[in-house]
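Keep in mind that the numbers below use all heavy atoms, side chains included, and drop hydrogens, waters and symmetry copies. Counting starts at 1 for both ligands and their atoms, in listed order.
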Amino acid sequence: MSDYNSGFDSANMFSIDGRRIPFKPGQTILQAALEAGVYIPHLCHHPDLKPHGSCKLCTVTVNGRNGSACTAKALPGLEVENDTPALNDRRRVLLQMLFVEGDHFCPGCEKSGNCQLQALAYDLEMVAPHFRHFFPKRTVDASHPDIWLDLNRCIMCELCVRASRDIDGKNVFMLAGRGADSQVVVNSPTGLLKDSALTADDAAAQICPVGAILHKRIGYSVPIGQRQFDDATIGHQVEYLARRHIPIKPVAVDAPKMPEKEGV
Ligand code: SF4
Ligand code: FES
């Protein structure tokens, strides 16, 4: 048994696609899988935040029934299917729905190459959006000196909402509306980002997996070929980090350094 497995009680094992996965009591299937170097697609999971279960990309089959790996607890003897044609077909459909529901025109988005939605679509070989585009007209808020917000690219993962509330303690972002009309809003007297407590180094300003919350003055600064997902697929990167016990950063780009304001 490897060093990695030796820290686990041998009773605390389950399987994913036939591979034995150790887990610590209380861990979810997704947490145990990532620690063991098995990639389960996901968009709304963050290791520092409570599970949310909204994107459903992490849907796996557990003992014959489908469920979210980010909310289902790992239990001894579970038989989990993850990387199967049927599950990946459904994940592709979920991705296609996210692409048409928002305005994900990658050629004009500075997050391209560093975007988890785009990376996952490449991983799962999504070649066309398939559904009719919604062409939403949501707020673009460029009022903040360091951050801008294009909610047309929001996938409603609520990572910013949870990070602002649970990590930053600021409640800058909230969800408003119902059903197809729900969207992220800024919790400030004017509804504008400049009048909120958000600062560029807040977790909420770093955590967006897509191009909805962006830092100003650094767009397109990474050459093509050197962007996060240019070399290896998102799944391979997560598995590589997990095998080396390097914390998996769901944030696509390192916290950027803000240039001096003068002369910018
Ligand atoms: S703005 Fe980004 S982090 Fe916030 S809900 Fe939308 S996609 Fe998620
Ligand atoms: S990561 Fe499980 S539902 Fe989004």
Side-chain angles (χ1 to χ4, degrees), residues 27-34 38-62 66-74 80 82 87 90-91 93-95 97-99 101-104 109-111 114-121 123-124 136 138-142 144 147-168 170-177 182-187 191 193 196 198 202-215 234-235 238 248-253:
Q27 275 189 321
T28 63
I29 291 172
L30 182 59
Q31 286 169 332
L34 292 176
V38 172
Y39 181 62
I40 297 177
H42 57 274
L43 284 171
C44 71
H45 162 80
H46 187 291
D48 298 337
L49 295 168
K50 283 192 195 134
H52 195 241
S54 62
C55 74
K56 299 298 174 216
L57 264 300
C58 71
T59 299
V60 288
T61 306
V62 184
N66 288 347
S68 304
C70 69
T71 52
K73 289 273 181 268
V80 178
N82 168 44
L87 286 167
R90 290 180 188 201
R91 290 171 179 146
V93 171
L94 291 172
L95 285 172
M97 288 160 68
L98 286 174
F99 267 86
E101 193 264 348
D103 186 4
H104 299 284
C109 177
E110 64 192 66
K111 191 83 171 208
N114 296 311
C115 170
Q116 292 183 36
L117 177 70
Q118 183 195 52
L120 209 44
D123 255 23
L124 292 171
R138 304 187 199 130
T139 313
V140 176
D141 180 349
H144 192 283
I147 305 293
W148 70 283
L149 191 62
D150 184 349
L151 292 175
N152 296 296
R153 299 174 185 153
C154 175
I155 56 169
M156 304 287 281
C157 65
E158 290 188 52
L159 283 169
C160 59
V161 176
R162 288 177 281 155
S164 188
R165 182 189 61 215
D166 302 340
I167 301 176
D168 304 329
K170 291 185 176 178
N171 283 317
V172 167
F173 297 104
M174 301 174 73
L175 208 63
S182 49
Q183 74 169 65
V184 168
V185 293
V186 174
N187 184 21
L193 212 51
S196 75
L198 187 77
D202 282 353
Q206 321 290 333
I207 208 164
C208 185
V210 295
I213 301 176
L214 290 166
H215 291 248
I234 189 169
V238 169
I248 297 152
K249 282 201 304 180
V251 183
V253 189

- Item | Ser182: side-chain contact (heavy atoms from CB on, under 4.5 Å) partners, not counting sequence neighbours | Met156
- Item | Note, Pro209 side chain near Cys115 side chain (heavy atom, < 4.5 Å) | no
- Message: Closer than 4.0 Å to some heavy atom of Ser54 - which atoms of ligand 2 meet that?
- Response: 3 (S)
- Short check: any N/O/S atom of Cys44 below 2.8 Å from atom 4 (Fe) of ligand 2? yes
- Between His45 and Cys58, is any pair of side-chain heavy atoms under 4.5 Å apart? no
- Query: Can you find a pair of side-chain heavy atoms, one from Gln206 and one from His215, that are under 4.5 Å apart?
  - Reply: yes
- Which residue supplies the protein heavy atom nearest to atom 1 (S) of ligand 2, what is that atom called, and how far is it? His42 CB, 3.4 Å
- Query: Given that the side chain starts at C-beta and the backbone is N, CA, C, O, which of these parts of His45 lies under 4.0 Å from ligand 2, counting heavy atoms, or is it both or neither?
  - Reply: both
- Message: Let me confirm one number: the CG-CG distance from Leu49 to Asp166, rounded to the nearest 0.5 Å.
- Response: 6.0 Å
- Task: Give me the ring orientation class for Tyr39 and His42: parallel if the planes are under 30° apart, tilted from 30 to 60°, perpendicular past 60°.
- Result: tilted
- Query: Out of curiosity, Leu120 CG to Leu94 CG, how far, rounded to the nearest 0.5 Å?
  - Reply: 10.0 Å
- Message: I want to verify a count. Protein N, O or S atoms less than 2.8 Å away from atom 6 (Fe) of ligand 1, how many are there?
- Response: 1
- Query: Charged N to carboxylate O under 4.0 angstrom, Arg153 versus Asp103?
  - Reply: no
- Message: Just checking: Cys55, one of its N/O/S atoms, less than 2.8 Å away from atom 4 (Fe) of ligand 2, yes or no?
- Response: yes
- Just by distance, do the side chain of Asp168 and the backbone of Ala203 share a donor-acceptor pair under 3.5 Å? yes
- Note on the structure: heavy-atom search around atom 3 (S) of ligand 2 in the protein gives Lys56 N, 3.1 Å
- Query: Quick one: does ligand 2 sit under 4.0 Å from the side chain of Cys157, the backbone, both or neither, non-hydrogen atoms only?
  - Reply: neither
- Query: Hey, are the side chains of Val140 and Leu149 touching, using non-hydrogen atoms and a 4.5 Å cut-off?
  - Reply: no
- Note on the structure: Quick note on ligand 2: atoms under 4.0 Å from a heavy atom of Cys58 include exactly 1 (S), 2 (Fe), 3 (S)
